[in-house]
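Computed from heavy atoms alone, side chains included, the values below leave out hydrogens, waters and symmetry copies. The structure displayed is predicted, hence computed values, not measured ones. Here is the naming used below: chain letters follow the sequence lines, and residue numbers restart at 1 for every chain.
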Protein chains: 2
Amino acid sequence: MNNYTIKDIARIAGVGVTTVSRVLNNGYGVSKETRAKVMEVIEKCNYIPNSNAKHLKQVTSQIVCIIVKGTYNPFFHDMVVELQKCVEAEGYIPLVSYIDEDENEIRCANQLIKEKKAQGIIFLGGSAVDKEEELHKLNSPCVYATSSASDCNVSGVSSVSIDDCLEARRAVTYLLDSGHKNILVVGGAIYQKDLMYNRYQGVLEAFEERGMHFDKKNMYIESKFSYAAAYESMSSFLKLNKPITAVFAMSDVMAIGIAKCVIDHGLKVPEDISIIGFDGIEQAWFYNPTITTIKQPSVEIAKKSVALLIKTIRDKAFSQHLTVSGKLLKGNSVKVMS
Amino acid sequence: MNNYTIKDIARIAGVGVTTVSRVLNNGYGVSKETRAKVMEVIEKCNYIPNSNAKHLKQVTSQIVCIIVKGTYNPFFHDMVVELQKCVEAEGYIPLVSYIDEDENEIRCANQLIKEKKAQGIIFLGGSAVDKEEELHKLNSPCVYATSSASDCNVSGVSSVSIDDCLEARRAVTYLLDSGHKNILVVGGAIYQKDLMYNRYQGVLEAFEERGMHFDKKNMYIESKFSYAAAYESMSSFLKLNKPITAVFAMSDVMAIGIAKCVIDHGLKVPEDISIIGFDGIEQAWFYNPTITTIKQPSVEIAKKSVALLIKTIRDKAFSQHLTVSGKLLKGNSVKVMS
DNA sequence: TTGTATGCGTTATCAA
DNA sequence: TTGATAACGCATACAA
């Protein structure tokens with residue numbers, strides 16, 4: 001394919017390289033005729049500017065990066081779609097980067113800021129816990145979407161999230177209200193101050209509120225966030241023959257894996273075992289039965305995240321932590337006992 | 001955060017920039033002591049090379065790009081995971097690029113080859129039909145994974161795919177063998193020589209083989225590839241009250257949307273309406289009931305695609321088009337009548 | 001084994 | 001409104 005450079009275009013169009021650059025970047029100060037002439041050559045040659053050179057030299061851009069941690073999370077997919085829309089609506093260019101679970105998102109952000117001259121970062125997945133120093137060094141506008149950074153007191157760093165503790169409590173309370181007492185909880189590994197930790201606290205609170213005790217040893221199982229892992233965890237649990245009537249899964253993906261496992265064991269959802277999930281992804285809605293879940297308001301989180309980021313881009317010292325409300329989405333996976 | 005350049009590192013370590021460059025690129029010709037000293041400074045400064053500058057200057061790389069067309073396709077997700085593994089196993093660095101449905105993948109490939117000095121491209125989604133000229137101009141090793149490019153006679157361009165016609169025929173034949181006669185087919189828009197076109201041909205063949213006629217006008221409905229779109233299409237169809245006992249959906253995502261729709265209408269899968277899907281994604285396997293489907297051998301396709309690409313990188317004129325076999329994965333969504 | 005100098009393709013500065 | 005030229009940070013040819 002062609003390998004035209006800006007110099008070639010300039011030569012062919014009979015103008016200077018600066019003029020071509022101006023045309024490309026919608027810069028002003030180019031006459032209509034010159035612009036038309038240059039555009040024609042660009043089209044004809046099918047010229048594509050080299051973004052390496054562009055970003056190497058460029059000192060600013062209109063780029064906002066969305067860094068997604070965890071290669072496959074259906075909930076994040078919904079979020080990415082919404083975030084892109086919002087970023088574009090603000091006149092910025094969204095740049096989505098998917099990184100592995102074990103990569104350092106702040107390091108990645110730093111690189112994108114230096115190399116692409118990104119004006120701000122939105123983190124999806126990943127946590128601001130114990131990262132004050134790194135974030136301080138980053139010294140750039142960033143927003144944690146769907147996870148709270150309120151404990152992280154760094155200027156320029158904001159967050160928009162649900163109250164994980166409250167929402168998990170909402171889920172478990174709904175099960176308790178529906179007459180369930182033997183409730184299994186399936187979640188991820190619990191680290192201090194972690195998102196999973198908060199959801200777990202919500203479980204405890206829901207029980208305590210009723211003067212009941214949650215038996216973590218027997219009724220909490222840890223699983224990875226995949227259909228297959230949740231299926232396996234549930235399968236092992238069922239072999240123990242412990243009497244349960246309901247499961248709270250800390251993600252919808254887990255909820256679906258668990259539902260399938262229950263069904264494969266000849267039990268019925270929700271007649272024998274009720275299931276409530278978390279996140280509110282499309283797959284849960286289309287599952288059979290529809291999975292009752294706590295919906296995170298993805299559109300609202302996306303809108304507010306971008307709004308905060310824009311504010312921070314304008315005022316580097318800005319910082320705000322918003323909590324939005326989740327919603328119990330009733331499906332058909334929870335049996336209400338009378 | 002730091003903004004060290006290679007010059008800073010060289011200065012601090014008391015060596016020349018070339019030496020630092022050598023250390024960074026695992027180049028030989030650096031003494032152990034010098035290397036250790038340089039590495040220490042790099043670590044201490046947390047230095048990250050600027051990839052713009054790197055790629056701008058670099059004339060070659062070990063990068064293989066995977067260009068994924070269509071932002072959300074669970075089947076492609078499985079493929080990407082496998083492809084990445086294979087590329088890494090060959091000692092190359094996989095670089096995944098997600099592009100929109102309406103973007104030009106060859107233009108994107110061209111850019112990545114120029115800017116990242118990518119040695120080869122794997123296309124996922126997108127088609128080689130009527131793109132001989134563009135691919136010829138691209139003049140680089142590329143492989144179409146999951147869609148055939150056998151009609152596209154360009155050296156350096158290979159492909160690995162199933163025989164869409166044959167596999168669709170396999171699906172419909174299975175329905176016919178199971179005693180179904182009134183079969184609804186749900187697929188995408190059909191263009192000449194397209195993947196959907198081939199699957200549609202398979203449908204026709206399956207019917208013809210039995211001396212039957214497929215009534216496209218009444219029994220083919222077009223839908224987008226999403227749960228919601230398939231649900232809606234099916235919902236409209238059900239209102240017509242046409243007698244059907246089975247549905248062949250040209251993707252698993254569609255199959256799930258259709259299944260949910262059927263269930264929501266108070267009908268049972270497979271007792272009232274049987275459903276067979278296509279692709280073999282995890283979600284179909286975990287659905288209730290498990291969706292019977294035609295599984296594309298993603299691991300095999302990934303392995304062979306990468307193998308072909310490596311061959312082409314070594315011999316630019318190489319070109320081969322492989323057809324792999326799909327497999328009927330029996331779930332519980334098809335009723336077998338006796 | 002090591003260092004110096006050049007240029008990759010672009011944007012930014014400055015002068016015309 | 002235009003163009004010549006100097007960076008941007010790095011890899012590479014070549015010299016030492």
What nucleotide, of C:dT10, C:dT1, C:dG9, holds the atom closest to the side chain of A:Pro49? C:dT10

A:Gln58 meets the side chain to side chain contact (heavy atoms under 4.5 Å, CB included) criterion, sequence neighbours left out, with A:Lys54, A:His55, A:Ser61

Rounding to a whole Å, what distance do you find between B:Gln111:CD and C:dT10:C1'? 14 Å

With sequence neighbours excluded, tell me which residues meet side chain to side chain contact (heavy atoms under 4.5 Å, CB included) with A:Ala307. none

Would you tell me if any nitrogen or oxygen in the side chain of A:Tyr4 comes within less than 4.0 Å of OP1 or OP2 on C:dT10? no

Give the first and the last nucleotide of DNA chain D, reading 5' to 3', that has any atom under 4.0 Å from a heavy atom of chain B. D:dG9 to D:dA13

Is the shortest side-chain N to carboxylate O distance from A:Lys131 to A:Glu105 below 4.0 Å? yes

Rounding to the nearest 10°, end axes of the helix from C:dT1-D:dA16 to C:dA16-D:dT1 built from five pairs each make an angle of 30°

What is the separation between atom CD1 on A:Ile48 and atom C1' on C:dG9, rounded to the nearest whole Å? 14 Å

Report the distance from atom CZ of B:Arg35 to atom P of C:dT1, rounded to the nearest whole Å. 10 Å

Contacts of A:Lys117 that satisfy salt bridge (Lys or Arg N to Asp or Glu O under 4.0 Å) - sequence neighbours left out: none

Would you please name every residue forming a side chain to side chain contact (heavy atoms under 4.5 Å, CB included) with B:Asn73, sequence neighbours left out? B:Phe75, B:Phe76

Without decimals, in angstroms, what is the distance between B:Lys116 NZ and C:dC8 C1'? 14 Å

Specify the separation, in whole Å, of atom CD1 of A:Ile42 and atom C1' of C:dT10. 13 Å

Return the value, rounded to whole Å, for the distance between atom OH of A:Tyr47 and atom P of C:dG9. 10 Å

Give one of base, sugar-phosphate or nothing for B:Ser51, where a contact means two heavy atoms less than 4.0 Å apart. nothing

Hey, is the main chain of A:Gly125 close enough, under 3.5 Å, to the side chain of A:Ser147 for a donor-acceptor pair? no

Could you give the CG-to-C1' distance, from A:Asn50 to C:dC8, as a whole number of Å? 8 Å

Strand-adjacent residues in residues 13-25 of chain A, judged by heavy atoms under 4.0 Å from DNA chain C: A:Thr18, A:Ser21, A:Asn25

Phosphate OP1/OP2 of C:dT11 contacted by A:Lys54 side-chain N/O (<4.0 Å): yes

Residues in side chain to side chain contact (heavy atoms under 4.5 Å, CB included) with A:Asn153, at least two apart? none

Residue pairs passing the salt bridge (Lys or Arg N to Asp or Glu O under 4.0 Å) test with at least one member in residues 304-314 of chain A, sequence neighbours excluded, are A:Glu300-A:Lys304

Quick one: which residue pairs count as a ring pair (Phe, Tyr, Trp, His ring centres under 6.0 Å) with a foot in residues 87-112 of chain A, not counting sequence neighbours? A:Tyr98-B:Tyr98

Determine which pairs satisfy salt bridge (Lys or Arg N to Asp or Glu O under 4.0 Å) with at least one residue from residues 72-82 of chain B, sequence neighbours left out, and list them in order. B:Glu82-B:Lys85

Residues in ring-ring contact (aromatic ring centres under 6.0 Å, His included) with A:His321, at least two apart? none

